[in-house]
Amino acid sequence: MSYEPIVLFEEQFVDTRQAKPSIDMEERGLQFGDGVYEVIRLYEGTFHLLGPHLARLYRSMEEIELIPHFSKALLVKWLYELVEHNEFTKNGNVYLQVTRGVQSRSHAYAANTKPTLYAYLTKKERPTDEMLRGIHACTEQDIRWLRCDIKSLNLLPNVMAKTNAERKNCQEALLVRSGIVTEGSSSNCFIVKNGTLYTHPANHLILNGIVRQYILSLAVKLGISVREEVFSVRDVLQADECFITGTTSEITPVTHLDGTAISHGIVGRVTRQLQTSFQESLPGDRIAFQL
């Protein structure tokens with residue numbers, strides 16, 4: 001078992017060492033991917049950016065017309081209780097999922113279906129080596145649907161892209177649609193050129209990452225020029241710096257793309273500034289980012 005033993009299922013806390021939650025065969029999350037989710041970071045048992053994550057969760061539910069039977073305040077209470085029940089004081093993640101619920105199998109969803117909620121905790125350390133040394137990425141065609149701004153359960157294209165990246169000994173796949181780099185298979189993508197930070201606009205073609213938003217706010221505080229504009233694969237290869245962001249990847253430099261070094265494979269100064277600024281508010285040991 002990779003997760004902590006006590007999980008939140010519906011409105012109860014279940015000890016999975018004694019009994020496993022039962023999933024109905026006509027659960028729409030299983031049959032249709034009809035639901036949404038969030039992954040929320042914990043540093044030494046403390047939630048990081050919980051408010052923005054839950055705001056996005058509720059936006060995603062609203063976009064797919066999924067009406068929760070619980071308030072945001074009650075959900076926050078349950079999440080804190082989940083941490084307390086597991087006596088969780090480590091670095092880790094909360095996986096939180098809400099599906100439309102159980103309904104006789106039909107493509108059209110009924111308005112009165114009660115959503116299914118569950119959440120669980122996993123241990124997850126900071127990716128220190130990758131953040132210090134950088135990673136290799138490859139390009140993959142972006143074959144996802146046109147509502148990538150919704151954090152839905154429909155992740156098969158992302159899964160396939162990430163698997164192809166691993167087969168190429170890469171740690172991430174940068175998704176390309178009509179020649180434009182949209183984002184990573186499980187991350188947002190940034191480049192730096194002449195001191196200016198570039199990232200894809202937060203429209204329907206990307207997920208507006210919570211860490212993405214946080215990094216943009218940090219850049220403004222640091223006086224780094226920011227432009228939310230599209231860029232190509234060639235732009236990435238000719239960039240001074242490239243990095244990805246995500247809840248578990250934080251700020252991870254990309255030093256090579258499709259086997260070609262970006263800026264001689266050296267992690268850049270802007271990336272290091274942002275990494276240093278990001279971790280200032282985090283509890284625990286500090287990673288020594290050399291500026």
Participant: Counting N and O atoms only, with roles assigned by atom type, does the side chain of Ser263 sit under 3.5 Å from a partner on the main chain of Ile266, one being a donor and the other an acceptor?
Facilitator: no

Participant: Going through the distances and angles, do Ser152 and Asn154 end up as a side-chain hydrogen bond (donor to acceptor under 3.5 Å, both in side chains)?
Facilitator: CA-CA 5 Å; Ser152 79; Asn154 298 282; 3.2 Å; yes

Participant: Measure the shortest side-chain to side-chain distance between Glu229 and Pro201 over non-hydrogen atoms and say whether it is less than 4.5 angstrom.
Facilitator: no

Participant: Could you check whether any side-chain heavy atom of Tyr118 comes within less than 4.5 Å of a side-chain heavy atom of Glu10, counting everything from C-beta outward?
Facilitator: no

Participant: Residues in salt bridge (charged side-chain N to carboxylate O under 4.0 Å, His left out) with Glu84, at least two apart?
Facilitator: none

Participant: What do the steps show when you test Arg227 against Leu197 for side chain to side chain contact (heavy atoms under 4.5 Å, CB included), and what is the final call?
Facilitator: CA-CA 6 Å; Arg227 297 179 70 171; Leu197 187 64; over 6 Å; no

Participant: Cluster question for you: counting only ILVMFWY and a side-chain heavy-atom cut-off of under 4.5 Å, with indirect links fine, are Val36 and Tyr95 together?
Facilitator: no

Participant: Between the side chain of Arg56 and the main-chain N/O of Asn208, is any donor-acceptor distance below 3.5 Å?
Facilitator: yes

Participant: Answer yes when Lys162 and Glu166 have at least one side-chain N-carboxylate O distance shorter than 4.0 Å, and no when they do not.
Facilitator: no

Participant: Quick one: does Arg144's side chain have a donor or acceptor within less than 3.5 Å of a partner on Leu205's backbone?
Facilitator: yes

Participant: What distance do Arg28 atom CZ and Asp34 atom CG have between them, rounded to the nearest 0.5 Å?
Facilitator: 4.5 Å

Participant: Could you pull out the closest heavy-atom pair between His53 and Val39, with the gap in Å?
Facilitator: CE1-O, 3.1 Å

Participant: Is it the case that one hydrophobic cluster holds both Val159 and Ile206, taking links as side-chain heavy atoms less than 4.5 Å apart, direct or via other members?
Facilitator: no

Participant: Would you sort out whether Gln213 and Ile210 count as a side chain to side chain contact (heavy atoms under 4.5 Å, CB included), showing the intermediate values?
Facilitator: CA-CA 5 Å; Gln213 298 171 47; Ile210 301 304; 3.8 Å; yes

Participant: Less than 4.5 Å apart, any side-chain heavy atom of Tyr109 and any of Glu65?
Facilitator: yes

Participant: State whether Tyr43 and Arg41 meet the cation-pi test: NZ (Lys) or CZ (Arg) under 6.0 Å from the six-membered ring centroid, and within 45° of the perpendicular axis.
Facilitator: yes

Participant: Donor-acceptor pair, distance only, cut-off 3.5 Å: does the side chain of Asp240 make one with the backbone of Asn194?
Facilitator: yes

Participant: What's the spacing between Met25 CE and Leu30 CG if we round to 0.5 Å?
Facilitator: 8.5 Å

Participant: So that I know where these two stand, are Phe190 and Tyr198 an aromatic pair - ring centroids less than 6.0 Å apart?
Facilitator: no

Participant: Could you measure the distance from the CG atom of Leu174 to the CG atom of Leu257? Nearest 0.5 Å is fine.
Facilitator: 5.5 Å

Participant: Which atoms form the tightest heavy-atom contact between Leu82 and Ile6, and what is the distance?
Facilitator: CD1-O, 3.2 Å

Participant: How are the rings of His136 and His256 set to each other: parallel, tilted or perpendicular (split at 30° and 60°)?
Facilitator: parallel

Participant: Taking the basic N atoms (NZ, or NE/NH1/NH2) and the acidic carboxylate oxygens, is any pair closer than 4.0 Å for Asp149 and Arg59?
Facilitator: yes

Participant: Given Glu183, which partner from the list Asn188, Thr245, Thr199 fulfils the side-chain hydrogen bond (donor to acceptor under 3.5 Å, both in side chains) test?
Facilitator: Asn188

Participant: Would a line drawn from the ring center of His48 to the ring center of Phe278 be shorter than 6.0 Å?
Facilitator: yes

Participant: Could you check, using the six-membered ring where one of them is a Trp, whether Phe231 and His200 have ring centers closer than 6.0 angstrom?
Facilitator: no

Participant: Hey, are the side chains of Leu66 and Val98 touching, using non-hydrogen atoms and a 4.5 Å cut-off?
Facilitator: yes

Participant: Got Thr99 and Glu27 here, is their nearest side-chain heavy-atom distance under 4.5 Å?
Facilitator: yes

Participant: Determine whether more than 12 heavy atoms belonging to other residues, nucleotides or ligands lie under 6.0 Å from atom NZ of Lys72.
Facilitator: yes

Participant: Is Arg272 salt-bridged to Glu241, cutoff N-O under 4.0 Å?
Facilitator: no

Participant: Determine the minimum heavy-atom distance between Cys242 and Val236, stating which atoms define it.
Facilitator: SG-CG1, 4.0 Å

Participant: Tell me whether Gln171 contacts the main-chain N or O of Ala137 through its side chain, where contact means a donor paired with an acceptor under 3.5 Å.
Facilitator: no

Participant: Answer yes or no: is there a side-chain heavy-atom contact under 4.5 Å between Leu79 and Val83?
Facilitator: no

Participant: Cationic tip of Lys90 within the cone over Phe88's six-membered ring, i.e. under 6.0 Å and within 45° of the normal?
Facilitator: yes

Participant: Under a 3.5 Å distance rule, please check whether Glu44 uses its side chain to pair with a backbone N or O of Asn91 as donor and acceptor.
Facilitator: no

Participant: When you look at CZ of Arg234, are more than 12 heavy atoms from neighbouring residues, nucleotides or ligands closer to it than 6.0 Å?
Facilitator: no

Participant: So which atom in Ala119 and which in Leu96 form the shortest heavy-atom distance, rounded to 0.1 Å?
Facilitator: CB-CD1, 3.9 Å

Participant: To the nearest 0.5 Å, tell me how far His204 NE2 sits from Glu63 CD.
Facilitator: 12.5 Å

Participant: With a 6.0 Å cut-off (strictly less than), is the heavy-atom count around CD1 of Ile67, excluding the residue itself, greater than 12?
Facilitator: no

Participant: Heavy-atom count around Lys193 NZ within 6.0 Å, excluding the residue itself: above 12?
Facilitator: yes

Participant: Using 0.5 Å steps for rounding, measure from the CH2 atom of Trp78 to the CD atom of Gln12.
Facilitator: 10.0 Å

Participant: Identify whether Leu54 and Val211 are in the same connected component of the hydrophobic contact network (ILVMFWY, side-chain heavy atoms under 4.5 Å).
Facilitator: no

Participant: Does any non-hydrogen side-chain atom of Leu175 lie less than 4.5 Å from one of Val181?
Facilitator: no

Participant: Would you please indicate if the ring centroids of Phe9 and Tyr120 are separated by under 6.0 Å?
Facilitator: no

Participant: Under the side chain to side chain contact (heavy atoms under 4.5 Å, CB included) criterion, do Leu216 and Glu228 qualify, and how do the steps go?
Facilitator: CA-CA 10 Å; Leu216 290 175; Glu228 295 187 60; 4.1 Å; yes

Participant: Are any non-hydrogen side-chain atoms of Arg286 and Gln279 less than 4.5 angstrom apart?
Facilitator: yes

Participant: List the atom of Asp235, the atom of Ser232, and the distance in Å for their closest heavy-atom pair.
Facilitator: OD2-N, 2.9 Å

Participant: Counting only N and O atoms by type, is there a donor-acceptor contact under 3.5 Å from the side chain of Ser277 to the main-chain atoms of Gln273?
Facilitator: no

Participant: Going from CD1 on Ile143 to CD on Gln141, what distance comes out if it is rounded to the nearest 0.5 angstrom?
Facilitator: 9.0 Å

Participant: Evaluate the criterion side-chain hydrogen bond (donor to acceptor under 3.5 Å, both in side chains) for residue pair Asn158 and Ser185; output intermediate values, then yes/no.
Facilitator: CA-CA 5 Å; Asn158 307 65; Ser185 67; over 6 Å; no

Participant: Quick check against the 3.5 Å criterion: does Gln97 have a side-chain atom that pairs as donor or acceptor with the backbone of Thr116?
Facilitator: no

Participant: State whether the side chain of Arg100 and the backbone N or O of Gly33 hold a donor-acceptor pair below 3.5 Å, judged by distance alone.
Facilitator: no

Participant: Going through the checks in order, is the side chain to side chain contact (heavy atoms under 4.5 Å, CB included) test met by Met160 and Glu140?
Facilitator: CA-CA 9 Å; Met160 295 173 68; Glu140 292 287 335; over 6 Å; no

Participant: Please report the closest heavy-atom contact between Ile135 and Thr252, naming both atoms and the distance.
Facilitator: CG2-CG2, 3.7 Å

Participant: Is a donor on one side and an acceptor on the other found under 3.5 Å between the side chain of Ser60 and the backbone of Lys151?
Facilitator: yes

Participant: Is the number of heavy atoms from other residues, nucleotides or ligands under 6.0 Å of Glu62 CD greater than 12?
Facilitator: no

